[in-house]
Trainee: 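Supplied in structure tokens, the structure appears directly below.
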There are 2 protein chains.
Amino acid sequence: MELSDRKKKILKAIIDDYIETAEPLGSLTVARRYLSDYSPATIRNEMADLEELGYLEKPHTSAGRVPSYTGYRLYVDMLMEKYRLTMSEMEDLSRRLEIKARELDGIVRKACSTVSALTDYTSFVITPQVSQLKFKNIKLIMIQEGLVLIVLVATGDMIKDRRIKAPLDITQEGLDRISGVITDLFCLKTANEIDFESVFFVEISKLWPELVPCLKEFLGEALSGSGGDVYLDGTANIFRYREYQDVGRAKSFMDFVDDEESLKNLVRKASQGETICEVIIGSETGRQDLKDCSMVLKSYSVSDDSKGSIGIIGPVRMDYARVMSTLEYIADAMDTIFRRMID
Amino acid sequence: MELSDRKKKILKAIIDDYIETAEPLGSLTVARRYLSDYSPATIRNEMADLEELGYLEKPHTSAGRVPSYTGYRLYVDMLMEKYRLTMSEMEDLSRRLEIKARELDGIVRKACSTVSALTDYTSFVITPQVSQLKFKNIKLIMIQEGLVLIVLVATGDMIKDRRIKAPLDITQEGLDRISGVITDLFCLKTANEIDFESVFFVEISKLWPELVPCLKEFLGEALSGSGGDVYLDGTANIFRYREYQDVGRAKSFMDFVDDEESLKNLVRKASQGETICEVIIGSETGRQDLKDCSMVLKSYSVSDDSKGSIGIIGPVRMDYARVMSTLEYIADAMDTIFRRMID
DNA sequence: AATTAGCACTCCCTACCCCAGAGTGCTAAT
DNA sequence: ATTAGCACTCTGGGGTAGGGAGTGCTAATT
């Protein structure tokens, strides 16, 4: 059933206002503040209808009305005006995101802190998770007499390293030869396709017995996948909002956010959409302890095949429009930064 | 002035109890619960003295007494019994700390989460900060046609990397030669001792013009130092304690903990001691917003010259004995893990 | 038929008060 | 030097009253 225009206007007004003030709205206030064309009584009747339809709720008999989760859902999907970042906001954002260090880690942290600073909510980033990497290249580097660093490059240009003792008589040239052969042998193989039985390794083991077992272990671990790291920022922001003046709620929020695994699970379950922001409102999270929270997620790509998520989590009464455009802008900025990194 | 034995006993009893219950203690309770040899009246008199001396405080006229900061200080320095981890606690701890991935990052995260899980306070780790690194070794690795990965090893065996486009006709052997020469030229130099004017670079620039400027920038950044990363865990633990049922306090705690810089500053200022735990009680932090918190810090070493800090932060009423021995044990465990990593 | 005015009713929130309980400090007795 | 006795103080919880905001219903108006 389609809502009348007037109902939509009223619902939008209530949600807009509630997002700002966290105060239940009465018919009088709505009329005065937003819709002076209609009398309070008219609005009162409409509000009763909207409650009937499940878009509004009454905290108690004689309070005003408050949006319900379905109300917010309708709002996000249809009612809300898309927020456009102003010029100065975009500049501010770009300035904050300017990174000197060109490390993935640093960029991600910065993006995270930028989002929380700009939205005043708690932000998080989850780095792309890769479950099975392929071998790309290996390099043995002499870092001092008898000590060698093994550097592995895997698909997605992930870098892993490990130290190992080496025979004293080995030279960098020798290491380079070994590196070359291993790279040729293993190129583009996964951990369990790798085979250490060739003649080459038998030979090597005579000169340098530690190498093969160490390599075996290292490659096994390094190629088994990684990522899925969680970064958080602005957890204290939750206290800005009335609904979390209550210690119990604040605690359950913190408990959730503190636990990387549960956050990762939730995000993984939710983030299907590619281009647009995912919005999860209140109990849509499916978790009892998060029924007072909403999340907004956006995915970003480090490379074609590896995607991470950036998002915010805050009260259900959230400035969705603003958050969504901020996240879209940031994710876009991250995408271009990462693309440039490969250039 | 030296306290009498009886005064010490009473003070210790009060602090021990207060740490557990967070409830002001009256003379009657002290007598009944800890010191039935003396009558409440005697204890009352002694408590009045202890208040006079500044070790106890009264929240109000007719409440019991509560330890003051100087009281806690005395307790930590002289009164408290050193806590010894039980066998099963040590086992639990070692089990949690068992790491599959042998990456610095992973170990540190794990140590952090272990501490907060075991102490029920908020824990943090700050990785060693190195302000000026020296060049040790460089290696150019072909990761695909026309794309090269530069891997730098610096003092402390820090690894940094960057991608760069390369001429299509270059081979891995060519890269190995270049790597060798650069390593010889720059070995053990700092960023500003490095000189790109030699004939070698002039020659190289003809074949591969992007390399020199890219290297310049990369080495500049990579050798300028790094570390000082902050990891946090168990922030939600603060809600376990009565004194943080108050939203205002919880907020200022979170605000502090959220801000990596302020945490780093405070830790840097405090952590001088090498062998033993540093304890900072209440206003000793010198920050108004942290006057209800205490910190305990312990340093750990990744290598001889680079030390990080691990610690916890919680209410002033903290189980110092337990926290200190946990931290000492963990720091010790980390030291041996890192030592083994080099072996 | 849709809108509006009027009005009685409901419920929360705050302020206020009162009192029991716990602990103190002082004095006098042991 | 220690202890018993006692009057005094202060907090925190429970109970209560009244103002305020908002509702739903009915009747009047457009």
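By convention in this document, chain letters (A, B, ...) are assigned in the order of the sequence lines, proteins followed by strands, and residues within each chain are numbered from 1.
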Trainee: Taking the six-membered ring of B:Tyr38 as reference, does the NZ or CZ atom of B:Arg6 fall below 6.0 Å from its centre and within a 45° cone about the axis?
Mentor: yes

Trainee: Indicate yes or no: does B:Arg73 engage B:Asp77 in a salt bridge with an N to O separation below 4.0 Å.
Mentor: yes

Trainee: Given A:Tyr231 and A:Phe124, is the ring pair (Phe, Tyr, Trp, His ring centres under 6.0 Å) satisfied, shown in steps?
Mentor: CA-CA 5 Å; A:Tyr231 297 88; A:Phe124 56 85; over 10 Å; no

Trainee: If the sugar-phosphate is the primed atoms plus P, OP1 and OP2 and the base is the rest, what is the B/S/- string for nucleotides 9-20 of chain C, using protein heavy atoms under 4.0 Å?
Mentor: -BBS--------

Trainee: Can you list the residues that meet the salt bridge (charged side-chain N to carboxylate O under 4.0 Å, His left out) rule with B:Arg84, with sequence neighbours excluded?
Mentor: none

Trainee: B:Asp17 has an atom CG; how far is it from atom P of C:dG23, in whole Å?
Mentor: 11 Å

Trainee: Just checking, B:Arg317 and B:Tyr241: is the charged tip under 6.0 Å from the six-membered ring centre and within 45° of the axis?
Mentor: no

Trainee: So, do B:Tyr55 and B:Tyr75 have ring centers that fall under 6.0 Å from each other?
Mentor: no

Trainee: Please determine if a side-chain N or O atom of A:Arg32 lies less than 4.0 Å away from the OP1 or OP2 oxygen of D:dA21.
Mentor: no

Trainee: Taking atom types as modelled, find out whether A:Arg322 and A:Tyr83 have a side-chain donor-acceptor pair closer than 3.5 angstrom.
Mentor: yes

Trainee: Report the distance from atom OH of A:Tyr18 to atom C1' of D:dG22, rounded to the nearest whole Å.
Mentor: 16 Å

Trainee: Would you mind reading off the distance between A:Leu56 atom CG and D:dG22 atom P, rounded to a whole angstrom?
Mentor: 14 Å

Trainee: I would like to know whether B:Cys277 and B:Tyr320 meet side chain to side chain contact (heavy atoms under 4.5 Å, CB included); could you show each step before the answer?
Mentor: CA-CA 10 Å; B:Cys277 279; B:Tyr320 294 98; over 6 Å; no

Trainee: Test salt bridge (charged side-chain N to carboxylate O under 4.0 Å, His left out) on B:Glu81 and B:Lys12; report intermediate values, then the result.
Mentor: CA-CA 10 Å; B:Glu81 301 159 52; B:Lys12 174 168 180 313; 2.8 Å; yes

Trainee: Should stems be defined as at least three consecutive Watson-Crick or G-U pairs with both distances under 3.5 angstrom, which of them involve DNA chain C?
Mentor: C:1-30 with D:1-30

Trainee: Would you say B:Ser27 places a side-chain N or O within less than 4.0 Å of OP1 or OP2 belonging to C:dT24?
Mentor: yes

Trainee: Output yes when B:Arg96 and B:Asp92 qualify as a salt bridge under the 4.0 Å nitrogen-oxygen rule, no when they do not.
Mentor: yes

Trainee: In whole angstroms, how far is the P atom of D:dT23 from the CG atom of A:Asp49?
Mentor: 13 Å

Trainee: Return the polar atom pairs (N/O with N/O) between nucleotides 28-30 of chain D and the protein under 3.5 Å, or none.
Mentor:
none

Trainee: Thinking salt bridges, do B:Lys298 and B:Glu328 make one under a 4.0 Å N-O criterion?
Mentor: no

Trainee: Could you state the CG-P distance from A:Leu50 to D:dG24, rounded to the nearest angstrom?
Mentor: 12 Å

Trainee: Is the closest side-chain heavy-atom distance between B:Thr326 and B:Leu85 below 4.5 Å?
Mentor: yes

Trainee: Below 4.0 angstrom from OP1 or OP2 of C:dA22, is there any side-chain N or O of B:Lys58?
Mentor: no

Trainee: Nearest-Å distance, CD (B:Glu51) to C1' (C:dG23)?
Mentor: 12 Å

Trainee: Going 5' to 3' along nucleotides 2-8 of chain D, which nucleotides have protein heavy atoms under 4.0 Å from the base (write B), which only from the sugar-phosphate (write S), and which from neither (write -)?
Mentor: SBBB---

Trainee: From CD of A:Glu23 over to P of D:dG20, roughly how many Å is that when rounded to an integer?
Mentor: 16 Å

Trainee: Less than 4.0 angstrom from a charged side-chain N to a carboxylate O is my criterion; do B:Arg65 and B:Glu51 meet it?
Mentor: yes

Trainee: Could you list the residues that satisfy ring-ring contact (aromatic ring centres under 6.0 Å, His included) with A:Tyr72, not counting sequence neighbours?
Mentor: none

